[in-house]
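Just so it is clear, the structure is predicted and the values come from calculations on it, not from any experiment. Quick note: numbers below take in every heavy atom, side chains included, and nothing from hydrogens, waters or symmetry partners.
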Amino acid sequence: MPEDDVPLDGQDHQTHQELQELQSEALGRQASARKVQYLDARTLRGLAHPLRIQLLRALRDFGPATASQLGERLGESSGATSYHLRQLATYGFVEDAPECGKGRERWWQSTHQGTHYDGSLADSPDPTLRGASDLFMHEVANTHTRDLSTWLGTSRDWSEEWRKTSTLSDYTLPLTPEQASELSSRIGDLIESYRPKGKDKGAGGSEKFRFHLHGFPLPKD
């Protein structure tokens, strides 16, 4: 088993371009066989930590990486990222990516390309499980806020054509629980219909484009 983040000597060194190509190839393989992990009580407990959620998302967004690379990206020590990566591996969220590293350097990749949580554990009689559910949902909301803040702060780096594609919209309408569930499901299905299938990487000129879908009843007063 390779050790975490042992520096490479000159013979094993990979160029930045080579690393990017390996990461891109790994993401392509994952996208061609998209898998979603469904959270249960055990895996929810294992994921319910802010840094673990950030680590998992970084691996899904940017491809395989080492603990040091992830620490630099997230502003954390390699010791902290290494520990939480091993915990994520224990619960089946990440695994070794040996094809990306050389020598004794340890690379990690996500085992799934998405996570599904239906919220049912939020009403568990176990207070620790309710707490894990609350932490997970709040960290997802925090992540969405960071995404949006990043876009607002960097939007001028994109062309006018791309800037026109973004939207900040909200809609309020009277719905029954059944109608709200149906609408959310239909929106999700529509978004999924645009996802490239198999080894298709999307149309020419494509970029990663993120949608956030939030829906909830408003207070009555």
Side-chain angles (χ1 to χ4, degrees), residues 1-6 19 22-24 26-31 33-101 104-151 188 208 210-214:
M1 183 69 69
E3 296 180 11
D4 288 333
D5 275 357
V6 177
L19 293 177
L22 287 169
Q23 290 172 316
S24 178
L27 281 177
R29 288 193 297 272
Q30 291 175 345
R34 179 175 168 79
K35 296 187 295 184
V36 175
Q37 187 160 12
Y38 288 76
L39 296 183
D40 56 20
R42 178 180 178 273
T43 52
L44 177 61
R45 286 191 177 99
L47 184 58
H49 185 285
L51 183 53
R52 293 179 197 177
I53 295 171
Q54 293 176 48
L55 287 167
L56 184 59
R57 195 175 209 225
L59 290 173
R60 289 174 177 173
D61 282 349
F62 304 106
T66 66
S68 289
Q69 291 171 337
L70 290 164
E72 183 176 356
R73 179 180 292 279
L74 299 176
E76 298 284 345
S77 70
S78 61
T81 56
S82 179
Y83 169 78
H84 286 291
L85 284 165
R86 292 196 298 271
Q87 292 300 305
L88 285 170
T90 298
Y91 292 95
F93 291 100
V94 303
E95 63 186 2
D96 286 317
E99 69 278 6
C100 291
R104 299 168 66 197
E105 186 179 38
R106 190 173 193 177
W107 285 69
W108 297 92
Q109 63 186 359
S110 173
T111 57
H112 299 77
Q113 290 70 58
T115 301
H116 177 84
Y117 176 52
D118 63 8
S120 60
L121 297 175
D123 296 323
S124 169
D126 183 343
T128 63
L129 196 51
R130 293 198 304 272
S133 177
D134 288 346
L135 189 153
F136 175 75
M137 294 303 296
H138 278 90
E139 185 56 31
V140 170
N142 289 337
T143 300
H144 288 185
T145 299
R146 286 193 295 269
D147 280 351
L148 184 56
S149 295
T150 298
W151 162 250
K208 290 182 179 179
R210 176 149 286 153
F211 284 94
H212 294 158
L213 179 59
H214 307 148

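Between Leu85 and Leu59, the closest side-chain pair of non-hydrogen atoms falls below 4.5 Å.
Under the rule for a side-chain hydrogen bond (donor to acceptor under 3.5 Å, both in side chains), His138 has no partner lying at least two apart in sequence or in another chain. When the side-chain contact (heavy atoms from CB on, under 4.5 Å) test is applied to Gln87, the partners found at least two apart in sequence or on another chain are Arg52, Tyr83, Tyr91. Here Arg130 pairs with nothing under the salt bridge (charged side-chain N to carboxylate O under 4.0 Å, His left out) rule; sequence neighbours left out. In this structure Asp126 satisfies the salt bridge (charged side-chain N to carboxylate O under 4.0 Å, His left out) test together with Arg45, sequence neighbours excluded. For Glu139, the salt bridge (charged side-chain N to carboxylate O under 4.0 Å, His left out) partners at least two apart in sequence or on another chain are Arg146.
A ring-ring contact (aromatic ring centres under 6.0 Å, His included) check over residues 36-61, counting only residues at least two apart or in different chains, returns the pairs Tyr38-His116, His49-His84.
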Hey, mind stepping through Asp61 and Arg210 against salt bridge (charged side-chain N to carboxylate O under 4.0 Å, His left out) and telling me if it holds? CA-CA 11 Å; Asp61 282 349; Arg210 176 149 286 153; 2.9 Å; yes
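Without hydrogens or angle criteria, Asp96 side chain to Pro98 main chain gives no donor-acceptor distance under 3.5 Å. Side chain of Ser78 to backbone of Ser68: no donor-acceptor contact under 3.5 angstrom is found.
The structure places OG of Ser110 at 8.0 Å from CD of Glu95, a figure rounded to the nearest 0.5 Å. We find the CG-CG distance between Leu39 and Leu121 to be 8.0 Å, quoted to the nearest 0.5 Å.
Side-chain atoms of Asp40 and Thr43 include a donor-acceptor pair closer than 3.5 Å.
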